[in-house]
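Below: the structure, in C-alpha cells.
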There are 2 protein chains.
Amino acid sequence: MSLEKILDEFSPEAEALVRLNLAISKLNGIFLDLGNELFRPIGMTNARSQVMGAIDIAGVPLTAAQIARNMGLSRQSVQRIINILVDDGLLVLEDNPHHKRASLVKITAAGEEKILQIREVLFRWSEQVASNFKIGGLEQGLGLLQSLSDYLEQSSVSTFNNRG
Amino acid sequence: MSLEKILDEFSPEAEALVRLNLAISKLNGIFLDLGNELFRPIGMTNARSQVMGAIDIAGVPLTAAQIARNMGLSRQSVQRIINILVDDGLLVLEDNPHHKRASLVKITAAGEEKILQIREVLFRWSEQVASNFKIGGLEQGLGLLQSLSDYLEQSSVSTFNNRG
DNA sequence: GCCATAATGACAGTATGTTGGCATTAGATA
DNA sequence: TATCTAATGCCAACATACTGTCATTATGGC
C-alpha cells in the first residue's frame, strides 16, 4: 500500500498536515546531523550550542528551569546539558539571592568565546546555503510553521503542563 | 543579547534559514509529543507507528536495512524498533531466499489490525486540526520544506553515506 | 574458484530527550 | 505561625537515535 493510497480518503488539508509532519521529522533529522557536523570542529554539539544560545539571548542570568521553559524543553534535559557545560568551563553556577537551591547560570569568559565561534559557524553555514538555495517564500513558509507551532502548542496545552 | 541582535549581520535569506531551523526543531518536538500522546491509547509510540507505516507503504516484505534506507534513518535504529515490534507480535521475520542473514520483515495479522488503528488515529487528528487551523499555503510550505530537504540532503551527501 | 569489498545483524557505548520519585526550598494561605 | 502547595535540583530509568566493532554472508573482479 502506497502513501498516496493511505491518504486517499483524507481531505486535502489533512493530507497536507500529515505530509508536513513527515517532512518536518525528516528535515529535523537533517538539521540535527548537519548541526552536529558543523559544531564538531569547535567541540560542540547541536543541543549544547542551543543551550548556550538560549542563555546568551536571555541576556541576564537565569535558572536552569527558566532556561528550559524558554526553550520548550523539559527541566531535566536542560539541567543535564548545563551540568556538562559547567564541567566544560563554559558556564558557572552562581548563588541565587532569591532561591537557595535554584542557582543562576552564567556564561564564563570561555563561554563567551565559544558563543562567538557558534555564531561564526552559523553565519558561514547559513550564508553559504542561502547563496545556493534560492527559493522564494522562505519567509512565508517560516510564518506558516510558526503559526502552526503556536496553534498546536495552544490547542494541546494540557500536554505541555507537566514537564518535570 | 537578543536573537534579533545575533542575526543582525546576517542576510535576510540566511536569517530566515536560521529561524527556519529553530522553527522546525520546535515543531518537531511538538509533533513528537503529540504523536506519542495520540498513539498511546493503541499501545504505540511515534517511532514504532512510523516503522509500521513504512513497512505497510512498501507493500512487499523488505529487510531491516532496506526499511532504514527508505526512512532515512540508520540501520541500527530501525533494527531495534523492528525487534521490539517482533516481540510484540506485530511483525515476523521470514527467511530470505536471497540472503541467509538478512531476513524479510512481514506484517502479522495483529500488525495489520494495528495499522488500521494507526490510520484511524492519524485520520481523526489531521481532520480535526485541518478543520480548525485554516491557513492557506500549506501545500506551498510543504513544497518548500521538501525542496530544502532535498537540497540539504544532496549537498551533504558525504554526511549521509556512512550510516551503519 | 579466490579474494577483496560491501552488506547485514548483534552488541556495546554515547547523545539527547522524557518521565517519575525524592528531598529541599519558596511562597501562599489559613 | 503553621501548613500546604509549587518549584527546584538530583537520581534513576526509559525511548529514540547515532556510531563503532565484530562475525557472517553476498557479490564482483581476477
Side-chain angles (χ1 to χ4, degrees), chain A residues 25-26 28-37 39-40 43-51 54 62-69 71-88 91 93-105 159-164, chain B residues 25-26 28-37 39-40 43-51 54 62-69 71-88 91 93-105 159-164:
Chain A
S25 149
K26 184 170 182 182
N28 186 64
I30 292 175
F31 274 137
L32 264 180
D33 283 354
L34 210 52
N36 284 327
E37 191 83 16
F39 291 128
R40 185 178 342 241
M44 294 292 277
T45 65
N46 227 315
R48 297 176 194 187
S49 300
Q50 279 185 21
V51 169
L62 299 177
T63 66
Q66 289 172 322
I67 297 164
R69 278 192 295 269
M71 298 184 72
L73 296 181
S74 76
R75 199 163 46 93
Q76 282 315 301
S77 307
V78 174
Q79 183 83 54
R80 213 192 90 258
I81 303 274
I82 287 176
N83 291 343
I84 292 171
L85 293 173
V86 168
D87 286 347
D88 288 351
L91 299 176
L93 301 181
E94 289 192 340
D95 281 351
N96 183 350
H98 302 310
H99 199 304
K100 257 183 202 163
R101 287 179 64 91
S103 37
L104 295 172
V105 178
T159 308
F160 292 86
N161 279 344
N162 299 321
R163 298 194 104 171
Chain B
S25 149
K26 183 170 183 182
N28 185 65
I30 293 176
F31 274 137
L32 263 180
D33 283 353
L34 211 51
N36 283 327
E37 191 83 15
F39 291 129
R40 177 161 327 150
M44 296 290 280
T45 65
N46 226 314
R48 297 174 194 188
S49 300
Q50 277 183 23
V51 169
L62 299 176
T63 67
Q66 288 173 322
I67 296 164
R69 278 192 295 269
M71 298 184 71
L73 296 180
S74 77
R75 197 163 46 93
Q76 286 312 307
S77 307
V78 174
Q79 183 83 53
R80 209 193 95 257
I81 303 273
I82 286 176
N83 291 342
I84 292 170
L85 293 173
V86 167
D87 286 347
D88 288 350
L91 299 176
L93 301 181
E94 289 193 339
D95 282 352
N96 183 351
H98 301 310
H99 199 303
K100 257 184 203 160
R101 286 180 65 93
S103 37
L104 295 172
V105 178
T159 308
F160 293 86
N161 278 343
N162 300 320
R163 295 196 107 171

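Proteins come first, then strands; the chains are lettered A, B, ... in the order of their sequence lines, and each starts at number 1. All values reported here derive from a predicted model rather than from experimental measurement. Atoms considered below: every heavy atom in the structure, side chains included; atoms not considered: hydrogens, waters and symmetry mates.
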| field | Rounded distance (Å) that lies between atom P of C/dT25 and atom CG of A/D95 | value | 13 Å
| request: Rounded to the nearest angstrom, tell me the gap between atom CE in A/M71 and atom P in C/dT18. | output: 10 Å
| field | Closest to side chain of B/Q79, choosing from D/dC18, C/dA10, D/dT8 | value | C/dA10
| remark: A/I82 CD1 to D/dG9 C1', in whole Å, measures 11 Å
| What is the distance, rounded to the nearest whole Å, between atom CZ of B/R48 and atom C1' of D/dA17? | 13 Å
| Partner of B/F39 by side-chain contact (heavy atoms from CB on, under 4.5 Å), out of B/M44, B/Q50, B/R48 | B/M44
| query | When the distance from CG of B/N46 to P of C/dG17 is rounded to whole Å, what number comes out? | reply | 16 Å
| query | Counting only side-chain N and O atoms of B/R69, is one of them less than 4.0 Å from OP1 or OP2 of C/dT8? | reply | yes
| Which nucleotide in the set C/dG20, C/dT16, D/dT21 lies at the smallest distance from any side-chain heavy atom of A/A47? | C/dT16
| Where the side chain of A/S74 is concerned, which of C/dT19, C/dG21, C/dT8 is the nearest nucleotide? | C/dT19
| field | Below 4.0 Å: OP1/OP2 of C/dT18 and any side-chain N or O of A/S77 | value | yes
| request: Could you point out which residue of B/V105, B/L73, B/I82 forms a side-chain contact (heavy atoms from CB on, under 4.5 Å) with B/V51? | output: B/I82
| request: Would you check if the side chain of B/N96 reaches a backbone N or O of B/A102 as a donor-acceptor pair within less than 3.5 Å? | output: yes
| query | Of the candidate nucleotides D/dG9, D/dC18, C/dC11, which contains the atom at the shortest distance from the side chain of A/D33? | reply | D/dC18
| note | From CG of B/L104 across to P of C/dT8 the rounded distance in Å is 11 Å
| message | Tell me if a side-chain donor or acceptor on B/S49 pairs with a main-chain N or O of B/T45 at a distance below 3.5 Å. | response | yes
| field | Closest to side chain of A/R80, choosing from C/dG9, D/dG9, C/dT16 | value | C/dT16
| request: Look at the side chain of A/N36 and the backbone N and O of A/N46, then say whether any donor-acceptor pair between them is shorter than 3.5 Å. | output: yes
| query | To the nearest angstrom, how far is A/L32 atom CG from C/dA15 atom P? | reply | 15 Å
| said: From C-beta outward on B/I81, which listed nucleotide comes closest to its side chain: D/dA17, C/dT8, C/dG17? | reply: D/dA17
| message | With a 4.0 Å cutoff (strictly under), does any side-chain N or O of B/T45 reach OP1 or OP2 of D/dT16? | response | yes
| query | Counting any heavy atom closer than 4.0 Å, what does B/N28 reach on the DNA or RNA strands: base, sugar-phosphate only, or nothing? | reply | nothing
| field | A/Q76, nearest nucleotide to its side chain (from C/dG20, D/dA17, C/dA15) | value | C/dG20
| Spacing between B/Q50 atom CD and D/dA17 atom P, to the nearest angstrom | 7 Å
| message | What's A/N83 touching, base or sugar-phosphate or nothing? Going by heavy atoms closer than 4.0 Å. | response | sugar-phosphate
